[in-house]
Amino acid sequence: MSISGTQAFGAIEVGVILAAISNGVLALQINRYFHKPGKDPLPLRLLILCIWLATVVHLFLGASSLYILTVTDHGIPILEMLFPVSLFAESGLGAFIHSSVQSIYTWRLYKLRGHWLILTVCWTLSAFVLASGIAYPAIEPRELAAPFEWNWLFYSHFSAAAGVDILIAAATCWNLVQGRDGCLKRWSIPQGDGDVGSLVPSL
């Protein structure tokens, strides 16, 4: 698999724009989470804070990569054909963020129903997401158009990440359908409350 400079630029630009929007939403959720009384232990609250700080750094690295491609290295043929180093760091940090968030959600689902199977499968896949997300930038060539022989790792990484997200979504929907009243009470959502956002900090 090879990629052209134009393709890389477009993907990074779209990613940075979406990341900036989602970071604004995440900042509001984090503010609500820490201002709302909760029963989460201090280590978990510190981990959530670290994840939020990591997303800020992740956005900065993405913006830096975009700036390097469009300004710093623009017009220099040799540099235009190389991936920015900040893009590799962004990829590894993104794997940490994604796998950490998946692990937290899976742990909360386990506390809700006590299903070891979902916990084991999701944590195993999340560990692979983290490992492959760190390994892939380390072995990928910096040249934009260079062929890459580890395509299976690239596709396996995103397949595993998507698989965990689907399992989490399916398990959450199943819990809501099987025991609506019990789940709603455990999630501290009053009956008839239309504020869906209160579900997110509770998870």
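- Atoms CG and CD1, on Leu109 and Ile104 in that order, are 12.5 Å from each other to the nearest 0.5 Å.
- In the hydrophobic cluster analysis, where Ile, Leu, Val, Met, Phe, Trp and Tyr join through side-chain heavy atoms closer than 4.5 angstrom, Trp116 is grouped together with Tyr105.
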Evaluate the criterion side chain to side chain contact (heavy atoms under 4.5 Å, CB included) for residue pair Trp107 and Leu44; output intermediate values, then yes/no. CA-CA 11 Å; Trp107 177 71; Leu44 179 58; 3.4 Å; yes
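- Rounding to the nearest 0.5 Å places OG of Ser126 at 9.5 Å from CG of Leu119.
- One N or O on the side chain of Asn23 and one on the backbone of Ala19 form a donor-acceptor pair closer than 3.5 Å.
- Placement of Ile17 and Val56 in two distinct hydrophobic clusters is found when ILVMFWY residues are connected by side-chain heavy-atom separations under 4.5 Å, directly or transitively.
- By the 4.5 Å heavy-atom criterion applied to side chains, Leu153 and Phe128 are counted as neighbours.
- Using a 4.5 Å cut-off between side-chain heavy atoms of Ile, Leu, Val, Met, Phe, Trp and Tyr, with links allowed through other members, Ile168 and Leu117 fall into the same hydrophobic cluster.
- With a 6.0 Å radius and a threshold of 12 heavy atoms from other residues, nucleotides or ligands, Phe34 has its CZ atom above the threshold.
- You'll find the side chain of Ile118 stays beyond 4.5 Å of the side chain of Tyr110, heavy atoms only.
- Trp123 and Val129 are members of different hydrophobic clusters when ILVMFWY side chains are connected at heavy-atom separations under 4.5 Å.
- Between the side chain of Trp52 and the main chain of Leu26, no donor-acceptor pair closer than 3.5 Å is present.
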Without placing hydrogens or testing angles, list every side-chain donor-acceptor pair under 3.5 Å for residues 87-98, not counting sequence neighbours.
from, atom 1, to, atom 2, distance (Å)
His98, NE2, Gln102, NE2, 3.1
His98, NE2, Asp165, OD2, 3.2

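- The structure places CD1 of Ile30 at 12.0 Å from NE2 of His35, a figure rounded to the nearest 0.5 Å.
- Interatomic distance, His58 NE2 to Ser86 OG, rounded to the nearest 0.5 Å: 11.0 Å.
- Inter-residue side-chain proximity for Asp40 and Tyr33 is flagged as met; some heavy-atom pair is nearer than 4.5 Å.
- Atoms OG1 and CG, on Thr172 and Leu167 in that order, are 10.5 Å from each other to the nearest 0.5 Å.
- Each of Val121 and Ile166 belongs to its own hydrophobic cluster when Ile, Leu, Val, Met, Phe, Trp and Tyr are linked at side-chain heavy-atom distances under 4.5 angstrom.
- Rounding to the nearest 0.5 Å places CG of Leu53 at 10.5 Å from CG of Leu46.
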